[in-house]
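Single-structure report; data block below.
We name chains A, B, ... by the order of the sequence lines, and we start the count at 1 in each one.
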Amino acid sequence: MTHLTRSFYTKPTRQLARDLLGCTLVRRLNGQRLAGIIVEAEAYIGEDDLACHARVGRTPRNAVMYGKPGLAYVYFTYGMHWMLNVVSEGEEFPAAVLIRALEPVEGIDQMMQHRARRCALIGLCSGPAKLTQALRIDRALNGVDLCNRQGDLWIEAGDPLPARSIQHGPRVGLGDTPEPWLSKPWRFWVKGNPFVSK
DNA sequence: CGCCAGATCCACT
DNA sequence: GTGGATCTGGCGG
């Protein structure tokens, strides 16, 4: 297993979202590996996508999305939650993949302790804010390069998934985002995997 | 079970 | 001042 490289991330966002399924997200914390297989992800694509943070143009908050593919875009929301995204496409085009759920693999006891509430394995990383809590991902990791071999956050390749085991549907939590963006089937998940958020 | 409100704070208007 | 790419517990059916 080794770090995915820049070329893996330099592709259309929906393709990247599909390709990330089955890969392993790894967090190095105090010399320990915390890791899980990505089983759910969503695409947010450009300034035209009215569900994407870049819909208002470039701001200090969303600037990382305009950067190199393979950067981590980590933002704070709802007054208490951190979200992890992987920047996609190409430099200056603002797009990213939201990591929504992991199947926990390594450092499970440690991840359990990081969660504010006691929870079962099935609910440990089954949501975008749950997994950042479990892996201790916050503002300190915003803008880090997932391709950096010296870094504390990266992604490793997994066994390729057959197309038939990938399902897709509308994105979650978009509130009153107008159509057609509200219904764009830009959420992808591993069919039948119990660690998916919904 | 499903539905709903409260938590909590920062970026942008 | 407003509202959000969420989570959780409480309440009603």
Cationic N near anionic O, under 4.0 Å, A/Glu47 to A/Arg55
no
Under 4.0 Å between a side-chain N/O of A/His53 and OP1 or OP2 of C/dA5, yes or no?
yes
Mind checking whether A/Tyr75 and A/His53 have ring centres under 6.0 Å apart?
yes
If you check the A/Phe76 side chain, which of B/dC9, B/dT13, C/dC7 turns out closest?
B/dC9
Between C1' on C/dA5 and CD1 on A/Ile45, what's the gap in Å once rounded to a whole number?
13 Å
Of A/Cys119 and A/Gly175, the one whose closest nucleotide on DNA chain C sits nearer the 5' end is A/Gly175
Can you check the A/Asn62 CG to C/dG4 C1' distance for me, whole Å?
14 Å
Looking at the base of C/dA5, is there any donor atom on it, or on the side chain of A/Tyr78, that sits under 3.5 Å from an acceptor on the other one?
no
Is B/dC10 paired to anything, Watson-Crick or G-U wobble with both distances less than 3.5 Å, and if yes, which nucleotide?
C/dG3
Closest to the side chain of A/Met83, out of C/dT6, C/dT8, B/dC12, is C/dT6
Answer yes when A/Glu106 and A/Arg33 have at least one side-chain N-carboxylate O distance shorter than 4.0 Å, and no when they do not.
yes
Taking side-chain contact (heavy atoms from CB on, under 4.5 Å) as the criterion, tell me which of A/Val86, A/Leu20, A/Leu146 meets it with A/Phe8.
A/Leu20
Check whether any side-chain nitrogen or oxygen of A/Arg100 sits under 4.0 Å from OP1 or OP2 of C/dT6, and answer yes or no.
yes
Select base, sugar-phosphate, or nothing to describe what A/Arg115 touches, counting heavy atoms under 4.0 Å on all strands.
sugar-phosphate
Which part of the nucleic acid, if any, lies within contact of A/Ala51, taking any heavy atom under 4.0 Å across all strands shown: a base, the sugar-phosphate backbone alone, or nothing?
base
Qualifying salt bridge (Lys or Arg N to Asp or Glu O under 4.0 Å) pairs, either residue in residues 2-23 of chain A, two or more places apart:
A/Arg6-A/Asp145, A/Lys11-A/Asp19
Whole-Å distance, A/Leu124 CG to C/dC7 P, equals 12 Å
Nucleotide B/dC10, atom C1' - distance to CZ of A/Arg61 in whole Å:
8 Å
Separation of C/dG10 atom C1' from A/Arg117 atom CZ, nearest Å, is 13 Å
What is the nucleic acid contact for A/Asp176, judged by heavy atoms within less than 4.0 Å: base, sugar-phosphate only, or nothing?
sugar-phosphate
Here the distance between atom C1' of B/dA5 and atom CE of A/Met80, to the nearest Å, is 12 Å
Gap between atoms CG and P, on A/Leu174 and C/dT6 respectively (whole Å):
8 Å
